[in-house]
There are 2 protein chains.
Amino acid sequence: MTKSFDEYKDRLKEIVKSKGLKYSTQREEILKVLYNSNKHLSPEEIYNEVKKINPSIGLATVYRALSFLENEGLVNSISFGAEGKKYELNRGSHHDHMICLNCGKIIEFYDEELERLQEKIAKKHRFKLITHELNMYGLCEDCTKEES
Amino acid sequence: MTKSFDEYKDRLKEIVKSKGLKYSTQREEILKVLYNSNKHLSPEEIYNEVKKINPSIGLATVYRALSFLENEGLVNSISFGAEGKKYELNRGSHHDHMICLNCGKIIEFYDEELERLQEKIAKKHRFKLITHELNMYGLCEDCTKEES
DNA sequence: TTATGTGCAAACTCTTTGCATTACC
DNA sequence: GGTAATGCAAAGAGTTTGCACATAA
């Protein structure tokens with residue numbers, strides 16, 4: 001089952017309150033854009049989306065809000081080679097990514113065995129694993145066909 | 001057994017020749033810096049190292065050479081979250097990385113099972129895997145002790 | 001000789017920061 | 001009313017590009 005936007009909004013309110021900070025509609029709007037997107041968005045893309053709701057928002061606010069939201073764990077970022085950072089809403093489920101080198105499509109996946117194996121590898125090196133990022137690059141189904 | 005620098009140098013000469021390009025000492029010097037380093041270096045760090053050998057080299061040359069060397073497969077880059085791209089000599093063996101969030105140490109590792117598992121996952125999604133990058137973030141042995 | 005590679009500086013892109021103003025508590 | 005957050009513009013950091021000159025083939 002998928003969470004409603006209000007649940008994320010409430011979580012944001014909680015965080016803001018617990019830190020003695022002030023609530024702002026801008027942060028909420030940015031969160032909403034990420035909620036409504038099923039893709040990973042760059043700061044610039046997020047900025048353009050939010051402007052549709054709130055034309056007077058500034059790019060700096062987007063950057064500041066994204067750092068804030070990421071620090072608070074509401075949002076995750078993934079960084080592709082040269083293309084820079086992209087953001088997605090943290091929907092509570094960890095996953096990794098396959099990235100098509102031809103069309104840029106991103107396939108998210110989660111594999112239990114993969115998670116366990118990483119823990120095992122970390123342990124072998126006496127490394128305390130906190131998080132990880134796995135990006136698999138190649139060709140998606142459509143682009144494989146296209147190639148032939 | 002570990003390859004001598006001349007082997008990398010010869011490979012560079014081969015590539016340059018086969019493409020009808022011209023050999024330059026700058027590219028060789030940059031390759032040498034990477035050969036002598038056991039760490040991942042940023043373009044800036046590489047620039048500073050090369051300047052010790054060749055004080056008149058320009059930063060732009062370093063960037064151009066790194067792109068070239070990476071395209072030709074002599075060098076690999078890995079991109080950490082915000083810290084940008086770092087480069088290492090491609091010593092022929094694929095590996096992944098564990099990055100200590102406390103001291104920044106990078107542990108390289110290779111795990112056969114992990115490679116196989118990724119192939120399996122890719123196949124399940126009809127994805128043609130070409131390459132991948134796995135970064136595991138956490139605490140290295142020393143920093144785990146320090147924490148207690 | 002001729003085209004590639006280089007060094008320098010300027011241009012560009014992406015991100016952060018300072019500051020006056022706005023808006024939440 | 002006091003302080004955090006915003007919007008704007010300017011500053012920074014990192015990287016790329018244009019151009020004249022140097023250099024390998």
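Heavy-atom basis, side chains included; hydrogens, waters and symmetry copies ignored. Below, chains carry the letters A, B, ... as their sequence lines are ordered, and counting in each starts from 1.
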For DNA chain D, what residues of residues 16-30 of chain B have any heavy atom nearer than 4.0 Å? B/K22, B/Y23

Do the charged groups of A/K39 and A/E108 touch, with an N to O distance under 4.0 Å? no

Check: B/V75 and B/N90 side chains under 4.5 Å, non-hydrogen atoms: no

For B/E72 and C/dG5, give me the distance from atom CD to atom C1', rounded to whole Å. 15 Å

Under 4.0 Å from any atom of DNA chain D, heavy atoms only: list the residues of residues 48-67 of chain B that qualify, in numerical order. B/L59, B/A60, B/Y63, B/R64

Would you call A/E14 and A/K17 a salt bridge, using N to O less than 4.0 angstrom? no

Rounded off to whole Å, could you give me the CD1-to-P distance for the B/I15 and D/dA24 pair? 19 Å

Spell out, as yes or no, whether a donor-acceptor pair under 3.5 Å connects the side chain of A/Q118 to the backbone of A/E115. no

Do A/Y23 and A/E28 have a side chain donor and acceptor closer than 3.5 Å? yes

CG-CZ distance between A/N38 and A/R91, expressed to the nearest 0.5 angstrom: 8.0 Å

For the residue pair B/E119 and B/H132, confirm or rule out a side-chain donor-acceptor distance under 3.5 Å. no

side-chain contact (heavy atoms from CB on, under 4.5 Å) partner of A/D96, chosen from A/L134, A/I107, A/I78: A/L134

If you fit an axis to the five pairs at each end of the helix from C/dT1-D/dA25 to C/dC25-D/dG1, how big is the angle between those two axes, to 10 degrees? 30°

Any donor-acceptor N or O pair under 3.5 Å, side chains B/E45, B/Y47: no

Pairing donors with acceptors under 3.5 angstrom, does anything connect the side chains of A/E29 and A/N54? yes

Please state how far atom OH in A/Y47 lies from atom P in C/dT13, giving the value in whole angstrom units. 16 Å

Separation of atom NZ in A/K86 from atom C1' in C/dT15, rounded to whole Å: 17 Å

